[in-house]
Amino acid sequence: MFFFGWAKITHHAAPTYLCTMERQLSEQEQFRREALEALRATGMDPFPAAEVPVSHLAQDIKNDYPSKPEDFSEVCVAGRLMTKRIMGKASFASLMDSSGRIQIYLNRDEICPEEDKSIYNDVFKKHLDIGDFISIKGHVFITQTGEISVHAKELTLLSKSIRPLPVVKKDADGNTYDAFTDPELRYRQRYVDLVVNEGVKDIFVKRTKVFATMRSIFNRAGYLEVETPILQPIPGGAAARPFITHHNALDMPLYLRIANELYLKRLIVGGFDGVYEFAKDFRNEGMDRTHNPEFTVMEIYVAYKDYFWMMDMTEKMLEEIAETVTGSSEITVSGKVISLKAPYARVPILEAIKTHTGLDLLGKSEDEIRTAAKSIGIEVTAAMGSGKIIDEIFGEKCEKHYVQPTFITDYPLEMSPLCKRHRDDDRLTERFELFINGKEIANAYSELNDPIDQRARFEEQLKLSEKGDDEAMFIDQDFLRALEYGMPPTSGMGIGMDRLTMLLTDQSSIQEVLFFPQMRPEKAD
RNA sequence: GACUCGAUAGCUCAGCUGGUAGAGCAAUACACUUUUAAUGUAUGGGUCCUGGGUUCGAGCCCCAGUCGAGUCACCA
């Protein structure tokens, strides 16, 4: 069983948050449990099993009732009770379903036409709480104050909520009061965040639309969506510290993938013309506003193409995604208007450095590059080769200037061990990174398919790692074997899906676009 | 990892020079048949993040720690 295997390796006690300890109930929780028992005492099941005959969503009623009121004489809506306004024998409530909120009007004598008024007087007024799931059958009408509402004929409890939700209110001007804002609580209890904070759902709906749009663009082009191993014996395809785990039956270490590049290229060797994968990757590094230990990358490889083709494809794809998801190819990111309309500027990295620092590094030796970097205040260490230094200069002095989408191209050979040499200059590679709003969004190559050169590049990485670069790449012998059988000329691209989503939803923190961002364990409740 | 800020009622927050813990919303009770941040009256609700220390006395001061946010470092 999973648990025993895991316990054997770690020897850790179960984290405290997994322990089920008696928790002191708050006054409000006690009241809700009493209400639950009171409902049971009336013979009502607070958690009934039957299917709910929902006929309409709140938003559809609000959209369509004005033009076709005759279609709304009998509706059934279901969702959470979010407010109760009781005025004696009549009440208003708001019901929230997946589409939004709608007001419910309840009248005692219509809900309870018989002698027994307990459904209204006891169940609705006393025992129903904010957060309970209910269904309402009735007809749609417009109140005196002009709000489209459901006039209730029948009220059914669907599920009792025994823990109070934070109550967030809005006034007539749209100002929000008592918003549920503590980031720790919002991320740990995302379910609550989604229920009470307006706009949170929308970010995640957009996230899914980004994925769906990208997928449909690739499928339209005939590329194959594939799955490749997450547990890898050699964590290849990128330079990063991996998570390590252990397979008991094989008694061997396995790594959670840091990238899937080398597996997708094996599939190109195998004869697929275009393959792509939305991949969760894992990197055992620091966490901050733009880094989560697990994150999502889309990688695509297309045979017989080069990186120029990939730039064309990428800019058209991003334009279409922006239009589909946000309704416009112009987006606003932290107050800046960014146009994702193709084509994008294309700037070789050494030209970018020349523009922003005045340094001309083309054809310079490692020592000259090191000296030049120091001259503009870049810190360099002995472990850094010329590629890493150039990357450092670009990151420090240039990157931030590329707010509008820009392909930075033709990186030095040393920085790109999986990338084909540049057709015009063998010190450079056919690589681009796409920068938007000063941040890297995508990375692509004309893929290196010369197995002899690939082996030499891996060996170069090995030397770097001996020099102290703990992120240099591992050598994957099976990948080299695959290349030796022959890989067609291929272009590949990886795009950070979390960061793309951040861009398209104007969020500055990766935690806002991940349902469940990584957190330290919380204390026992 | 370093620094800064924060943690008080279900939620958002206030808390004076160290002297028995406060508000709004939410909750409970009553009233109220078209309200919408419903309203009115009354009431209850606290491990002041944890553990030490100083003090006659600590939410507040000191030390150590936990969790979170921000900045930096790290990071293809």
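Shown here, B/G10 forms a base pair with B/C25; the pair counts as Watson-Crick or G-U wobble because both key distances fall under 3.5 Å.
The aromatic ring of A/F31 does not sit over the base of B/A27; the criterion of centres under 5.5 Å apart with planes under 30° is not met.
Below the 3.5 angstrom threshold, one finds a donor paired with an acceptor across the side chain of A/Q28 and the base of B/A26. A donor and an acceptor atom sit less than 3.5 Å apart, one in the side chain of A/T143 and one in the base of B/U35.
The residue A/R32 sits apart from the nucleic acid: no heavy atom pair falls under 4.0 Å. Within the nucleic acid shown, A/E399 has no heavy atom closer than 4.0 Å to any nucleic acid atom. A/A259 comes within contact range of no nucleotide atom at all, as no heavy-atom separation falls under 4.0 Å. Within 4.0 Å (heavy atoms only), A/F141 reaches at least one base atom of the nucleic acid. Backbone-only engagement by A/R188 is indicated by non-hydrogen atom pairs under 4.0 Å involving sugar-phosphate atoms exclusively.
We find that A/E261 and A/K265 are joined by a salt bridge, their nearest charged nitrogen and carboxylate oxygen being less than 4.0 Å apart. One finds a salt bridge joining A/E184 and A/R188 here, because a Lys/Arg side-chain nitrogen approaches an Asp/Glu carboxylate oxygen to under 4.0 Å. The existence of a salt bridge linking A/R431 and A/E433 is confirmed by a sub-4.0 Å separation between a basic side-chain nitrogen and an acidic carboxylate oxygen.
In this structure, A/H56 has its ring center under 6.0 Å from that of A/F72.
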